[in-house]
Amino acid sequence: MLELRHVSKVYGEGLTEVHALLEVNLAVARGELVAIMGPSGSGKSSLLTIAGSLEDPTSGDVVVGGASLQGMSRREKSRLRRRSIGFVFQDFNLLSGLTAAENVAMPLELDGTSARAARAAAMTALEYLGLADRAEHHPDDLSGGERQRVAIARAIVGERGLLLADEPTGALDSINSEAVMRLLRDITRRGAAGVVVTHDAQLASWADRVVFLRDGRVVDQTVPPAGPESLLASGPQS
Ligand code: ADP
Ligand code: MG
């Protein structure tokens with residue numbers, strides 16, 4: 001679903017030149033959740049914005065759902081983002097003037113879906129995230145955990161196949177952080193491809209793979225030790 005091929009990204013030039021990414025290769029299939037870890041400034045956010053077509057790589061190519069971004073026009077990329085790519089950020093990025101349902105419906109409405117169909121899809125996504133009773137609330141009336149679940153609903157509404165989350169648990173306590181990772185795990189298992197940036201090795205253990213970045217390079221890829229889910233699966237059944 002997502003492939004980065006020899007992706008490099010250089011910001012600035014001359015003395016201010018920064019190599020944010022260097023020859024990064026990464027493939028994420030549907031059904032797969034990949035965690036990205038690395039120190040601050042190692043290129044994690046650059047990797048996500050380039051994977052999500054928000055920025056172009058300096059060299060290399062990105063392929064989403066079989067389509068190369070290289071030859072795409074701005075308009076084609078923005079359509080790809082509306083239809084196929086969901087973003088989740090640390091600070092939620094919800095519109096405070098809109099209700100939860102309106103926030104979730106918005107990407108579909110922007111893509112030309114009728115208000116009624118968009119609303120129905122938004123309600124389905126909110127129900128899946130356990131927020132049906134919060135649909136008419138505004139973000140200011142929701143807890144941090146609820147806001148992030150609304151943002152996740154907005155990222156998956158319309159069945160988008162690629163979910164990109166940049167430190168989605170950065171503003172949450174440990175219980176809500178675990179809940180967010182559990183949801184990302186479930187969403188990807190249902191057929192999306194997911195990439196999640198996290199600082200927390202415990203949270204990263206929800207992923208199928210952890211990719212470590214340092215100074216813009218992939219320095220290690222590991223299959224994490226048995227995570228919380230496998231403990232649940234093999235633990236005593238009630
Ligand atoms: P991380 O998310 O791992 O903290 P980033 O991808 O944000 O790292 O940044 C990687 C490097 O690229 C850093 O040195 C950062 O300062 C630089 N960088 C990121 N975005 C820009 C930009 N828009 N302009 C200039 N430099 C940038
Ligand atoms: Mg970052």
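All ligand and atom numbering here is 1-based and tracks the order in the structure. Side-chain atoms are counted along with the backbone in the values below, which use heavy atoms only and exclude waters and symmetry mates.
Contact between Gly43 and ligand 1 is present, with at least one heavy atom of the residue lying under 4.0 Å from the ligand. Contact annotation: Ser40 has at least one heavy atom less than 4.0 Å from an atom of ligand 1. Residue contacts with ligand 1: Gly216 is excluded, as none of its non-hydrogen atoms falls under 4.0 Å.
Without hydrogens or angle criteria, Thr99 side chain to Glu102 main chain gives a donor-acceptor distance under 3.5 Å. At distances below 3.5 Å, not a single donor-acceptor pair connects side-chain atoms of Thr198 with backbone N or O atoms of Glu167. Arg147 places a side-chain N or O within donor-acceptor distance of the main-chain N or O of Pro139, the cut-off being under 3.5 Å. A donor-acceptor contact shorter than 3.5 Å is absent between the side chain of Glu3 and the backbone of Val28. A donor-acceptor pair is defined here as one N or O able to donate and one able to accept, closer than 3.5 Å; no such pair exists between the side chain of Ser84 and the backbone of Arg81.
Considering only heavy atoms from C-beta on, Leu54 comes within 4.5 Å of Phe87 through its side chain. In this structure, the side chains of Ile50 and Val7 come closer than 4.5 Å at one or more pairs of heavy atoms.
Closest protein heavy atom to atom 14 (O) of ligand 1: Val18 CG1, 3.5 Å. In terms of protein heavy atoms, atom 9 (O) of ligand 1 is closest to Ser46 OG, 3.9 Å. In terms of protein heavy-atom proximity, atom 27 (C) of ligand 1 is closest to Tyr11 CD1, 3.3 Å. In this structure, the protein non-hydrogen atom closest to atom 3 (O) of ligand 1 is Lys44 NZ, 2.8 Å.
Within the listing of ligand 1, atoms 1 (P), 2 (O), 6 (O), 7 (O) sit less than 4.0 angstrom from a heavy atom of Ser45. Annotation for ligand 1: atoms under 4.0 Å from non-hydrogen atoms of Pro39 are 3 (O).
An N or O contact shorter than 3.5 Å is missing between Ala20 and ligand 1 by distance. Of the N or O atoms in Gly41, one or more lie within a sub-3.5 Å distance of an N or O in ligand 1. Note: no N/O pair closer than 3.5 Å links Glu55 and ligand 1 by distance alone.
At a threshold of 4.0 Å, the pair Glu127-Arg149 does not count as salt-bridged, since none of the basic side-chain nitrogens sits closer than that to a carboxylate oxygen. Remark: Asp186 does not engage Arg182 in a salt bridge, criterion side-chain N to carboxylate O under 4.0 Å.
The Mg ion (ligand 2) has an N, O or S atom of Ser45 closer than 2.8 Å.
Within a 4.0 Å radius of atom 22 (C) of ligand 1, the protein contributes one or more non-hydrogen atoms. Per-atom contact check: atom 16 (O) of ligand 1 does not touch the protein, criterion being a heavy-atom distance below 4.0 Å.
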Derivation of the side-chain hydrogen bond (donor to acceptor under 3.5 Å, both in side chains) call for Asp61 and Ser68: CA-CA 7 Å; Asp61 195 16; Ser68 162; 2.7 Å; yes
